[in-house]
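Quick notes on the structure that follows.
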Amino acid sequence: MDLRFEHQCTQCGARLSLVESERLLQCQYCGVKSYLTSAAPFHFVLPHQAPAGEDLIYLPYLRFKGNIFTCQGNRTDFRFVDITQLAVPFDGLPNSLGFRAQAMTLKFLDPSAPGIFFKPTLKLADILVKVSRLGSKPSGEAVHHRAHIGERTSLVYLPLYRRQGRLFDAVTNRPILTLPAGREIIPQCSAPPASWRLSILPTLCPVCGWHLEGEKDSAALVCRNCERVFETSSGR
């Protein structure tokens with residue numbers, strides 16, 4: 001299941017509801033077309049209902065959605081997975097978001113948002129090891145080759161806040177962890193990930209200025225006027 005998220009039109013400010021596979025969008029109110037891209041996987045935030053005045057702490061989860069192919073014995077096994085994994089070492093906190101990311105409408109992370117952010121230490125290669133174990137079947141056959149074909153990789157942040165020595169889930173406002181006396185979590189945190197930023201590109205041909213065309217999930221856009229095709233790289 002694709003994640004759903006909200007995006008604000010840069011022209012008229014209207015709120016648009018999209019799925020994560022969509023890159024080319026057209027505002028239903030003002031008609032302006034834009035293309036969303038980033039030099040890194042998209043960063044999302046779960047919507048929260050934290051009481052006013054609480055300092056938010058953002059906990060990152062790495063999400064992988066894709067396929068596992070395993071060449072084992074004389075056959076090829078296949079399995080589809082969609083998992084989230086806590087991206088920092090922190091005992092006592094949920095290892096997965098479960099279905100929350102799919103069930104809720106997310107928002108893009110704003111690097112200028114106030115709060116404290118845990119810096120992810122889990123790499124994509126680490127989560128692929130876990131994915132491989134999920135796709136393995138107990139048998140004495142040797143695994144000749146294993147491949148992961150990922151459709152989507154993203155970071156989803158869970159907002160928390162601290163009150164009276166406990167960490168609260170800011171989505172449900174329920175305590176999820178009692179911090180041991182003297183345990184300090186702030187040194188494990190960092191500033192917002194300024195290296196990640198969403199790029200919103202106009203859908204105009206860089207060569208002739210004509211309108212670029214494509215489907216909502218297109219990885220490349222076509223100019224019918226000068227007969228060129230464009231794809232994004234490093235957010236440009």
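Pairs of residues two or more places apart, or lying in two chains, that qualify as salt bridge (Lys or Arg N to Asp or Glu O under 4.0 Å) and include a residue from residues 7-17 are Glu6-Arg15. Every pair passing side-chain hydrogen bond (donor to acceptor under 3.5 Å, both in side chains) that includes a residue from residues 94-108 is listed here, sequence neighbours excluded: Asp82-Gln102, Thr84-Ser96, Arg100-Asp169.
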Pair Leu167-Leu59, side chain to side chain contact (heavy atoms under 4.5 Å, CB included): steps then yes or no: CA-CA 11 Å; Leu167 283 178; Leu59 190 68; over 6 Å; no

Verify side chain to side chain contact (heavy atoms under 4.5 Å, CB included) between Leu3 and Val156, making sure each step is shown before the conclusion. CA-CA 10 Å; Leu3 304 183; Val156 181; 4.2 Å; yes

Exercise. Show your working on side chain to side chain contact (heavy atoms under 4.5 Å, CB included) between Ser34 and Ile200 and close with a plain yes or no.
Key: CA-CA 6 Å; Ser34 304; Ile200 305 173; 3.7 Å; yes

**Study point:** Worked check of side chain to side chain contact (heavy atoms under 4.5 Å, CB included) between Leu46 and Tyr61
**Key:** CA-CA 11 Å; Leu46 290 174; Tyr61 287 80; over 6 Å; no

From CA spacing to verdict: ring pair (Phe, Tyr, Trp, His ring centres under 6.0 Å), Phe44, Tyr157: CA-CA 6 Å; Phe44 297 107; Tyr157 284 84; over 10 Å; no

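In the hydrophobic cluster analysis, where Ile, Leu, Val, Met, Phe, Trp and Tyr join through side-chain heavy atoms closer than 4.5 angstrom, Leu36 is grouped apart from Phe230. Linking Ile, Leu, Val, Met, Phe, Trp and Tyr residues whenever their side-chain heavy atoms come within less than 4.5 Å leaves Trp210 and Val222 in two separate clusters. No chain of hydrophobic side-chain contacts below 4.5 Å, direct or via other Ile, Leu, Val, Met, Phe, Trp or Tyr residues, connects Trp196 to Tyr35. Phe42 and Leu201 fall into different hydrophobic clusters, where Ile, Leu, Val, Met, Phe, Trp and Tyr side chains are chained together by heavy-atom contacts under 4.5 Å. Under a hydrophobic clustering in which Ile, Leu, Val, Met, Phe, Trp and Tyr are joined whenever their side-chain heavy atoms come within less than 4.5 Å, directly or via other members, Leu106 and Phe99 fall into different clusters.
Annotation: side chain to side chain donor-acceptor pair (under 3.5 Å) contacts of Thr232 (sequence neighbours excluded): Thr37. A search for salt bridge (Lys or Arg N to Asp or Glu O under 4.0 Å) contacts involving Arg228 returns nothing, not counting sequence neighbours. Partners of Phe69 by ring-ring contact (aromatic ring centres under 6.0 Å, His included), not counting sequence neighbours, listed by chain and number: Phe78. Residues passing the side chain to side chain donor-acceptor pair (under 3.5 Å) test with Gln85, sequence neighbours excluded: Lys130. Not counting sequence neighbours, the partners of Ala147 by the side chain to side chain contact (heavy atoms under 4.5 Å, CB included) test are His145. Residues forming a side chain to side chain contact (heavy atoms under 4.5 Å, CB included) with Gln26 (at least two apart in sequence, or on another chain): Lys33. For Arg23, there are no salt bridge (Lys or Arg N to Asp or Glu O under 4.0 Å) partners at least two apart in sequence or on another chain. Not counting sequence neighbours, Asp217 has no partner by the side chain to side chain donor-acceptor pair (under 3.5 Å) test. With sequence neighbours left out, the salt bridge (Lys or Arg N to Asp or Glu O under 4.0 Å) criterion links Arg152 to no other residue.
Note that CG of Asn225 and CD of Glu227 are 8.5 Å apart. Values are rounded to the nearest 0.5 Å. Between the CD1 atom of Ile83 and the CZ atom of Phe64 there is a distance of 7.5 Å, given to the nearest 0.5 Å. In this structure, CG in Leu16 is found 9.0 Å from CD in Gln8, a value given to the nearest 0.5 Å. In this structure, NE2 on His7 lies 12.0 Å from OG on Ser17, to the nearest 0.5 angstrom. A distance of 11.0 Å separates OG1 in Thr70 from NE2 in His144, rounded to the nearest 0.5 Å. Atom SG of residue Cys205 and atom NE2 of residue His211 lie 11.5 Å apart, to the nearest 0.5 angstrom.
When all heavy atoms of Thr76 and Cys71 are compared, the closest pair comes out as OG1-SG, 3.9 Å. Summarising the geometry of Thr121 relative to Pro89, their closest heavy-atom pair is OG1-CD, 3.3 Å, with the distance given to 0.1 Å. Closest of all the heavy-atom pairs between Leu122 and Leu86 is CD2-O, 3.7 Å. Taking every heavy atom of both residues into account, Cys12 and Cys30 meet most closely at SG-SG, 3.8 Å. Closest heavy-atom contact between Leu177 and Asp91: CD2-O, 4.0 Å. Heavy atoms only, all atoms of each residue included: Pro175 and Arg166 are closest at CG-NH1, 3.7 Å.
Within the 4.5 Å cutoff, no side-chain heavy atoms of Ser218 are placed close to those of Leu24. Contact of the Leu160 side chain with the Ile176 side chain is registered, since non-hydrogen atoms from C-beta on lie closer than 4.5 Å. In this structure the side chain of Pro159 reaches within 4.5 angstrom of the side chain of Val171, judged on heavy atoms.
Side chain of Asp77 to main chain of Gln72: no donor-acceptor pair is present (N/O by atom type, distance under 3.5 Å, no hydrogens or angles).
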Throw together a table of side-chain donor-acceptor distances under 3.5 angstrom for residues 51-58, partners on residues two or more places apart or in other chains.
residue: Glu54; atom: OE2; partner: Arg163; partner atom: NE; Å: 3.2
residue: Glu54; atom: OE2; partner: Arg163; partner atom: NH2; Å: 2.7

